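Here is the structure we will look at, set down as structure tokens.
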Amino acid sequence: MTREAALNAALFVALIGTALVAQALGEGFIITLATKAAIFALAGVGLNLVLGYGGLVSFGHAAFFGLGGYATGILASHAMSGVPVATLPFTLNGSTEMLAIWPLAIAASGLAALAIGALSLRTSGVYFIMVTLAFAQMIYYLAISWPAYGGEDGLSFYVRNTFPGLNTFDPIQFFAICAGLLAAALGLVAVLTRSRFGLALRAARQNESRVVAVGIRPYSIRLLAFMLSGMIVGLAGSLYADLNRFVSPAMLSWHMSGEIMVFVILGGVGRLFGPVAGALAYIALEHLLGGVSDYWQALLGLLLLAIVIYAPGGLIGLIAGRRHV
Amino acid sequence: MTLLEMSGVTAAYGPVQALFGVDLALAEGEVVALMGRNGMGKTTTIRTLTRLLPASGGTIRFAGRDLAGLPAHRAAQLGLGLVPEGRRCFAPLSVAENLAVAARPGAWTLSGVTELFPRLGERLGQNARTLSGGEQQMLAIGRALLTNPRLLILDEATEGLAPLVRQEIWAAVRRLKSGGMSILLVDKSLRELAAVADRAVVLERGRSVWAGAMAALTPEVTDRYLGL
């Protein structure tokens, strides 16, 4: 086992262990924190696919996080009111079943990612950053100005959605769902990045015309990556909505895009478990420093600055060394 | 059978015209050397042929198809296997990954490439950026072969390499030729080209000025166009 593999395993054990110890000690709040870390890590894993492996700096991933969240909130609130979400072209009833909500949340964010990616991937560099940001802000303002689902005030749905065989109200059981999905996403990304598709994505990051010369169209590869990335982030948004039983336009704002980016950069860009390390560190800092000062994010800023300057491989790179020795 | 036929091809980098009329024909199984001094349009010809640079005039027919308007990746899929100038590997990927990303089904497989270049076989798990210059060149050739091209295009494949490594690359090119591979070679070393190429096309100022059998390349021609 390489050093990075050992570190990855340790990180996952730390996440699970924190939740289990908290359960044993009856510290429900710590379990919720661990759940939040798992969800943020899942969002980071999604973004890492394009940001880390594809070298595409998307500043609009809050759009997918928020869409996943809103899909969940809207379905849950309609299930409670008994009014169908839509009657045309077919009747779509609300639902409180996670297994029914997830595919819809993933589909909504995946479709949005396909559309946003198809347009933004025609640009590159700073224009790509700006175009993705612009699309996300469009959806953010749409959510604010659309009164049907709470507008600026957001949308509460009071009761967490259900999962067969589990009591989602028990924090440790909901944590298990989130950690399980995080593990599944990590497995998926591990397989993808070793596949020909993932290799082409990483190769295109380094040099586009060399990829073209072996007969691969970088645009198609990147669009597929962008869509998969949006789908993973959308699933994270759905879980985040369930964690809080509340969705608001804040999930769609550019602060959220930046936060997801921080998980990836803090943990290690293009490292499989980078977002896990980043999200764990972020939540830990928020919890520990947040008690000391309301301005804890200034310290986070300093830490981020130090990481970017002195350890471009992030926390993973700092501990496990450079990739591919 | 003619595999590649370029006639009257012109191309420009923005407002600067670089090719003024290139004619080049290559039959199946033939090895053609594209020659000329620095800056005469050899690499531009290759870039135009592989559709990395749009042609502004003339026609390029490859394997019976007109390449006009075809995106570069489609041209590559038709069987243009380019080994670009300057050992262009994918540095963040391992040797095996560099080869896997390019592979398309056909006669060439990983074992064929590692047989041609045993050194690559010893370094499959190694990161491409840690290879020596010669090994990177072998990797670039192997990567192009794994796309199972109908025409292998080598742009300055031995430039800047140590003499021993150059000999290894040339030996591989000769083996590929004897295996029936069609090859378009850009190189400066006349002696090595003479040993492997069937025919030569000489470029001067973006125009093909001489074409004929390698044996017919007299000292007068080389003096005049290649400055040897």
Side-chain angles (χ1 to χ4, degrees), chain A residues 1-5 48-56 121-122 189-225 268-272 274 312-314 316-317 320-325, chain B residues 43 46-47 49-53 70-106 123 125-131 136 139-150 152-155:
Chain A
M1 194 151 74
T2 65
R3 204 162 161 186
E4 183 165 346
N48 199 22
L49 191 59
V50 287
L51 177 69
Y53 296 101
L56 303 163
L121 285 168
R122 294 180 192 282
V189 170
V191 170
L192 278 179
T193 51
R194 283 175 179 81
S195 71
R196 193 167 173 245
F197 157 75
L199 295 177
L201 182 67
R202 286 158 64 194
R205 176 193 182 172
Q206 197 216 351
N207 191 299
E208 211 166 306
S209 65
R210 283 174 220 175
V211 176
V212 171
V214 296
I216 297 167
R217 189 182 181 209
Y219 178 80
S220 326
I221 298 279
R222 287 175 175 157
L223 184 56
L224 181 57
V269 174
R271 311 294 283 255
L272 182 61
I316 299 271
R322 285 185 60 174
R323 194 174 18 190
H324 296 302
V325 184
Chain B
T43 293
I46 300 295
R47 285 179 56 86
L49 164 61
T50 52
R51 301 276 317 144
L52 291 168
L53 182 73
L70 217 57
H73 71 277
R74 290 282 304 127
Q77 285 169 10
L78 284 180
L80 288 169
L82 173 65
V83 179
E85 197 180 1
R87 309 190 279 277
R88 303 286 167 78
C89 301
F90 297 121
L93 305 186
S94 72
V95 171
E97 288 173 335
N98 260 276
L99 295 170
V101 73
R104 279 200 297 275
R123 288 165 170 65
Q126 207 169 312
N127 202 299
R129 73 161 64 82
T130 64
L131 296 181
Q136 288 192 26
L139 179 55
I141 296 174
R143 194 178 65 195
L145 286 173
L146 275 179
T147 68
N148 277 290
R150 297 188 64 179
L152 183 67
I153 305 167
L154 295 170
D155 192 358

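In what follows, every heavy atom counts, from backbone to side chain, and hydrogens, waters and symmetry copies are set aside. As the structure is a prediction and not an experimental result, all values here were calculated from the model. A, B, ... follow the sequence lines: proteins, then strands. Residue 1 opens every chain.
B:Ala144 does not touch chain A: none of its heavy atoms, backbone or side chain, sits under 4.5 Å away. If you measure heavy-atom distances from B:Leu80 to chain A, the contacts under 4.5 Å come from the backbone alone. Neither the backbone nor the side chain of B:Ala75 comes within less than 4.5 Å of any heavy atom of chain A. Contacts of B:Thr147 with chain A are made by side-chain atoms alone, with heavy-atom separations under 4.5 Å and no backbone atom involved.
Side chains of A:Arg202 and B:Glu97 form a contact here, defined as non-hydrogen atoms less than 4.5 Å apart.
In terms of heavy-atom proximity, A:Ala213 sits nearest to B:Ala76 at O-CB, 3.5 Å. Between A:Gln206 and B:Phe90, the shortest heavy-atom contact is OE1-CA, 3.0 Å.
Counting heavy-atom pairs closer than 4.5 Å to chain A, the top-ranked of the candidates B:Ala102, B:Pro71, B:Gly81 is B:Ala102.
To the nearest 0.5 angstrom, A:Ile216 atom CD1 is 8.0 Å from B:Arg104 atom CZ. If you take CZ on A:Arg210 and CG on B:Leu52, they are separated by 12.0 Å, rounding to the nearest 0.5 Å. Atom CG of A:Asn207 is separated from atom SG of B:Cys89 by 11.0 Å, given to the nearest 0.5 angstrom. Distance OG/A:Ser209 to CG/B:Leu53: 11.5 Å, rounded to 0.5 Å.
A donor-acceptor distance shorter than 3.5 angstrom exists from the side chain of A:Arg196 to the backbone of B:Val101, with no hydrogens or angles considered.
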